[in-house]
Number of protein chains: 2
Amino acid sequence: MSDFTFKQQANTSLREKVTNDLREAILNGHLPPGSRIKEMDIAEQMGVSRGPIREAIRQLEREGLLLSYPYKETVVADLDADEVQNILMPIRFHIEWFVVKRYLDKLDDSFYAKQQEIVDDMRAAVEQGEKSRLVDLDILFHQSILELATERTVMLTWQSIVNQIRLHFTKNISFYNLDNMEKDHQDLLDAFRTKDLGLIQQAILKHLDSDDNLLCFTK
Amino acid sequence: MSDFTFKQQANTSLREKVTNDLREAILNGHLPPGSRIKEMDIAEQMGVSRGPIREAIRQLEREGLLLSYPYKETVVADLDADEVQNILMPIRFHIEWFVVKRYLDKLDDSFYAKQQEIVDDMRAAVEQGEKSRLVDLDILFHQSILELATERTVMLTWQSIVNQIRLHFTKNISFYNLDNMEKDHQDLLDAFRTKDLGLIQQAILKHLDSDDNLLCFTK
DNA sequence: CAGTTGCTGATTGTTGACAAAATACAATAT
DNA sequence: ATATTGTATTTTGTCAACAATCAGCAACTG
């Protein structure tokens with residue numbers, strides 16, 4: 001018998017697909033902050049009933065992307081840059097530090113190669129001015145670190161903040177100094193390569209500061 | 001015309017009540033970790049249809065209290081003490097520090113009185129061995145601080161971790177040194193009374209340290 | 001007897017219809 | 001004209017029926 005095996009079939013329910021599509025539409029800016037979400041509209045556009053739509057709304061509400069007012073309406077959330085910078089970003093760095101500290105031994109050549117590729121892609125994206133791709137790569141870089149962990153709480157917490165962060169970046173990307181993005185992440189990756197926890201912590205903290213300073217209008 | 005006005009009627013939808021009741025049942029331990037949630041059972045017990053139940057499940061899933069396996073089952077989540085201590089608790093302290101720092105001017109006599117009452121209740125609860133009440137008071141103490149803030153992100157983030165923390169405490173309360181609980185919070189409150197940010201930060205960090213934790217948001 | 005295949009009942013996923021509530025707007029009264 | 005009330009329409013909330021999927025077990029095959 002051959003060694004061939006079929007790939008596990010993704011058992012995605014309709015509600016999951018709806019959730020993902022709706023989330024994408026929000027993050028892409030097709031449904032900008034303040035947009036009203038009418039269940040029937042979405043349902044008709046997607047060709048499904050309102051049930052899955054409503055369940056998706058409950059999830060996205062908890063992800064901070066939607067605001068739901070009982071018996072009235074649900075709208076796309078608006079995010080305050082200050083809150084993202086001072087609350088969500090520090091949480092991201094906290095989890096990241098926790099993971100790197102605990103899974104230092106998982107930092108191997110395969111990991112470095114993957115991260116380096118992301119950083120290289122960043123340079124390309126900057127040169128070509130692909131801003132939304134740059135946001136994706138930034139998220140991907142940090143998520144790849146968190147994926148070293150096996151703790152369920154790591155990804156759960158990440159998911160509860162990542163989409164707000166992404167929405168924030170997408171919205172404000174034009175205010176950021178794109179040129180620094182590649183270098184900042186390269187520095188972080190270089191610190192990982194040393195496997196020196198002290199240096200890594202310094203680099204993570206510096207990354208937090210530099211992200212802070214990316215915003216032209218802070219302070 | 002009189003100045004009398006009616007209190008705004010709480011317009012709670014069925015799904016909200018279901019969500020709250022289900023959450024309470026989990027936090028009370030009536031549905032211990034691992035318990036399977038059968039939609040129809042819950043629906044019949046509550047006398048509602050499955051719709052609201054399913055929406056509640058999606059919310060509680062995002063709150064980290066339920067695990068849902070598509071087409072199979074949803075069960076009450078089990079929490080690892082280590083993850084709560086090293087990931088969720090530091091997040092709590094981070095938000096707390098953010099709020100205290102920013103809303104220092106809201107620390108007034110009314111606030112102190114409210115917090116002191118909670119601490120006093122803690123002593124009473126310890127003496128009478130009311131463990132679940134003690135957990136409630138601990139949560140309440142910290143939540144009252146966060147309520148000083150107006151930022152939506154503060155409460156949203158808090159809600160995404162508080163129930164996991166509560167579940168953890170409820171489960172492991174017997175392992176904790178109850179006698180210290182009143183003193184630890186009294187110290188924290190006393191620090192707030194000084195309105196000295198340096199002292200307050202020290203106190204918050206000490207509160208965290210008393211749970212044997214390292215923190216990375218300090219500089 | 002091991003291993004596969006096909007049933008059966010239980011449970012979750014989805015739907016369309018109906019009920020309740022909110023909004024917009026016309027009608028009315030002052 | 002302005003403010004209030006009533007009404008129509010839209011939208012959200014809830015329900016009960018139906019479809020898809022799964023776990024367990026019996027029947028079959030070699």
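Below, each value reflects all heavy atoms present in this structure, side chains not excepted, and no hydrogens, waters or symmetry copies. Reminder, nothing fancy here: chain letters follow the sequence lines and each chain counts from 1.
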Do any of residues 36-46 of chain A sit with a heavy atom less than 4.0 Å from DNA chain D, and if so which?
-> A:R36, A:I37, A:K38, A:E39
B:L67 atom CG is separated from C:dT12 atom P, nearest whole Å, by 14 Å
When you check the phosphate oxygens OP1 and OP2 of D:dA23, does a side-chain N or O of B:K72 lie under 4.0 Å from one of them?
-> yes
D:dA16 phosphate, OP1 or OP2, under 4.0 Å from B:R50 side-chain N/O | no
Check: A:N172 side chain, A:H168 main-chain N or O, donor-acceptor pair, under 3.5 Å | yes
Among D:dC22, D:dC15, C:dG16, the nucleotide that comes nearest once only the side chain of A:S49 is considered = C:dG16
Can you tell me how far C1' of D:dA20 sits from OH of B:Y71, to the nearest Å?
-> 6 Å
Round to a whole Å and report the spacing from CG of B:L14 to P of C:dA19.
-> 16 Å
Whole Å only: how far is the CD atom of A:E73 from the C1' atom of D:dT11?
-> 10 Å
So what does A:R15 touch, heavy atoms closer than 4.0 Å: a base, only the sugar-phosphate, or nothing?
-> sugar-phosphate
What class does the angle between the rings of A:H142 and A:H207 fall in, given that below 30° is parallel, 30 to 60° is tilted and above 60° is perpendicular?
-> tilted
Looking for any heavy atom pair under 4.0 Å, which part of the strands does B:G51 touch: base, sugar-phosphate only, or nothing?
-> nothing
Spacing of A:I53 atom CD1 relative to D:dG13 atom C1', expressed in whole Å | 15 Å
How close or far is atom P of C:dG13 from atom CZ of A:R54, stated in whole angstroms?
-> 17 Å
Go through the side-chain N and O atoms of A:E24 and A:N20 and say whether any donor and acceptor fall under 3.5 Å apart.
-> no
Answer yes if the side chains of B:R166 and B:N163 hold a donor-acceptor pair under 3.5 Å, and no otherwise.
-> no
Consider only side-chain N and O atoms of B:R58 and A:T19, and report whether a donor and an acceptor are under 3.5 Å apart.
-> no
No-hydrogen, no-angle side-chain donor-acceptor test under 3.5 Å, B:E147 and B:Q143 | yes
Taking atom P of D:dG13 as reference, at what distance in whole Å does atom OH of A:Y69 sit?
-> 13 Å
Exactly one candidate in B:L104, B:L107, B:V154, B:V100 meets side chain to side chain contact (heavy atoms under 4.5 Å, CB included) with B:L148; the answer is B:L107
